[in-house]
Protein chains: 2
Amino acid sequence: MNCSCEKCHIQEIFFKSINSNELDSFCGARTEKIIPVGTTFIKQGDKIRSFKYLKEGLIKLHRIDGVGNRQIISFGTPMDFVSIHNIFAEDTYSYSVTALETSTVCIFSIDIIKRLIKTNGKFAENLISTKSRASNRILSNSLDLISKSMYGKVASVILFFHEKIYFTMGFDLPISRKEIAEYTGLSIETVIRVISEFRRDGLIRVYGKRIEIIDKDGLISIYKHS
Amino acid sequence: MNCSCEKCHIQEIFFKSINSNELDSFCGARTEKIIPVGTTFIKQGDKIRSFKYLKEGLIKLHRIDGVGNRQIISFGTPMDFVSIHNIFAEDTYSYSVTALETSTVCIFSIDIIKRLIKTNGKFAENLISTKSRASNRILSNSLDLISKSMYGKVASVILFFHEKIYFTMGFDLPISRKEIAEYTGLSIETVIRVISEFRRDGLIRVYGKRIEIIDKDGLISIYKHS
DNA sequence: GTAAATATATGACATATATCATAAAGCAGA
DNA sequence: TCTGCTTTATGATATATGTCATATATTTAC
């Protein structure tokens, strides 16, 4: 198994810092895994034994918070998830990761990564940079939710999947209303009601999980002003 | 100017990875600055020209969010703030930093830090570790706020300053009600009302900025269950 | 020291949001 | 196909939270 993967976004980021010598031992130790929809492949509390990144697919990060509530932390594409958030900070994961779409995950020995950081400055720099951008994005989204009303929160979820994941006006939401509730901190009923209200106001069309954005500017305005 | 600072918490973390050779060039380039209360010494949008860490004091991270609202991101002691959140991710700061108490900040050339990361693997590892822990804490606090009611939010602020900053039952809040509002996403009036209610319920005593915790278990219970 | 600005406080009221109840629709398994 | 389980949906109602008005206390500027 080698690293010549067409679809690997991470490749460009990480591998440009690795010379052919290192690349050999690096890629030789790689394992690739297909994760079916709904599978939780990292569990909160598990010991961190490997370094994982998302090669393809869509995942959610979630946790049980300090007082026992289920909470979704963020949604991520290959650009968003590499499991270094905790590698050097803790020895167990502080969150779980579940596939929302069939996903491909690449797995490396954690020792190889640690060794690379110590011996390859360029790699360390790229890793810090990638990790910083990812956690800045997650934090920024989390902070955005704190100061918004139920309308702004639900609008931000719909706009997120439109602008960051699917890029089309019509798409199937990869999450349930309950998961939107777990992400926004709203109750399920409130999420459903706000979606219904958006539908009645002609902002979106809704058929179960399918969402079609009719008035994107209207949604953006709600996102900005509430 | 050298690095033999008694009060430097960072020293222990960073410097144990630096040999005496590197230490000389490192410490020779160090600048120390006293920051008076209320001074904003890092401004959102400013170009990142140096590497800063908090040697002593208390600061707040804050930002203008994507739609123009003032928002406090977190409060930090020396263990919480090193300005690497963005160093490799962006070339400008995405937040401002203001001193809540008279603080001491150490400043290094950013080039020295970048060079150290590239040439000293142990330093890179420690830096990643420190940064990870700091951003995990900030994210975790932010996530906590999303799913809490006004009572839980205000209780968490009071408990934060008690348990993480002052360690005593009585202390002067280093922030205004308005700043609590900017941190929690509540309105100022709501913050004031909740504090008054806590006072009337015998959980705390309040004299302006001074808070005295009477019923810590009660506060914790509110924090956990709302 | 005084005026102006800001911070704290509270009431009255409107709006936002949660909770409880109920029902229909979709979905998984026997 | 039937049965049970989960999801989506909506109404009725209670509670949480924001807004506006106003007053006092405190801080800041001169």
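Numbers restart at 1 for each chain; the letters A, B, ... are given by sequence-line order, proteins then strands. When reading the values below, keep in mind they use all heavy atoms of this one structure, side chains included, and skip hydrogens, waters and symmetry mates.
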Engineer: Before you tell me yes or no, could you show the steps for B/Y183 and B/Q71 under side-chain hydrogen bond (donor to acceptor under 3.5 Å, both in side chains), namely the whole-Å CA-CA distance, both residues' side-chain angles and the distance that decides it to 0.1 Å?
Structural biologist: CA-CA 6 Å; B/Y183 177 62; B/Q71 185 174 34; over 6 Å; no
Engineer: Find the distance B/K178:NZ to C/dT6:P and express it as a whole number of Å.
Structural biologist: 8 Å
Engineer: Is a donor from one side chain sitting under 3.5 angstrom from an acceptor on the other, for A/S142 and B/S142?
Structural biologist: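 B/S142 and A/S142 do have a side-chain donor-acceptor pair below 3.5 Å.
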Engineer: The side chain of A/S196 is closest to which nucleotide in this list: D/dA9, C/dA9, D/dT10?
Structural biologist: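 Per side-chain heavy atoms of A/S196, the pick is D/dT10.
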Engineer: Which nucleotides of nucleotides 14-21 of chain C have their base under 4.0 Å from a protein heavy atom (B), which only their sugar-phosphate (S), and which neither (-), written as one string 5' to 3'?
Structural biologist: --SSBBB-
Engineer: Should the pair A/Y53 and A/F108 be assigned to parallel (<30°), tilted (30 to 60°) or perpendicular (>60°) ring geometry?
Structural biologist: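 Ring orientation of A/Y53 relative to A/F108: parallel.
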Engineer: Expressed as a whole number of angstroms, how long is the span from A/F198:CZ to D/dA9:C1'?
Structural biologist: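 These atoms are roughly 17 Å apart.
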Engineer: Side chains of A/R133 and A/S129: is there a donor and an acceptor less than 3.5 Å apart?
Structural biologist: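 Result is yes, a qualifying pair exists.
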Engineer: Could you tell me how far apart A/I192 (CD1) and C/dT22 (P) are, to the nearest whole angstrom?
Structural biologist: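 Interatomic distance, CD1 of A/I192 to P of C/dT22: 17 Å.
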Engineer: Can you give me the N/O atom pairs linking the protein to nucleotides 25-30 of chain D at distances under 3.5 Å, or say none if there are none?
Structural biologist:
none

Engineer: Between A/T168 and A/H162, is there a side-chain donor-acceptor contact under 3.5 Å, judged purely by atom types and distance?
Structural biologist: no
Engineer: Does B/K209 place a side-chain N or O at less than 4.0 Å from the phosphate oxygens OP1/OP2 of C/dT8?
Structural biologist: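 Result: yes.
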Engineer: Compare side-chain N and O positions of A/R199 against OP1 and OP2 of D/dT10 and report whether any pair is under 4.0 Å apart.
Structural biologist: yes
Engineer: Could you state the atom-to-atom distance from CD1 of A/I146 to C1' of D/dT17 in whole Å?
Structural biologist: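 Distance check: A/I146 CD1 to D/dT17 C1' gives 16 Å.
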Engineer: Rounded off to whole Å, could you give me the CD1-to-C1' distance for the A/I195 and D/dT10 pair?
Structural biologist: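 So the CD1-C1' distance, A/I195 to D/dT10, works out to 14 Å.
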Engineer: Tell me: CD of B/E179 to C1' of C/dT6, nearest whole Å?
Structural biologist: 12 Å
Engineer: Under 6.0 Å from the ring centre and within 45 degrees of the ring axis: does the NZ or CZ of B/K43 meet both conditions for the six-membered ring of B/Y93?
Structural biologist: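 The answer is no, since B/K43 fails at least one limit relative to B/Y93.
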Engineer: If you look at every heavy atom in A/I64 and A/Q44, which pair is closest and at what distance?
Structural biologist: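 It is N-OE1, 2.7 Å.
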Engineer: In whole Å, I'd like the distance from the CD1 atom of A/I204 to the P atom of D/dT8.
Structural biologist: 13 Å
Engineer: Could you tell me whether the side chains of B/Y166 and B/D172 share a donor-acceptor contact shorter than 3.5 Å?
Structural biologist: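 No donor-acceptor contact under 3.5 Å links the two side chains.
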Engineer: Check the side chains of A/S74 and A/R137 for a donor-acceptor pair under 3.5 angstrom, ignoring hydrogens and angles.
Structural biologist: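 No, because no side-chain N or O of A/R137 sits under 3.5 Å from a partner of the opposite role on A/S74.
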Engineer: In whole Å, what is the span from the NE2 atom of A/H225 to the P atom of D/dG18?
Structural biologist: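 Atom NE2 in A/H225 sits about 19 Å away from atom P in D/dG18.
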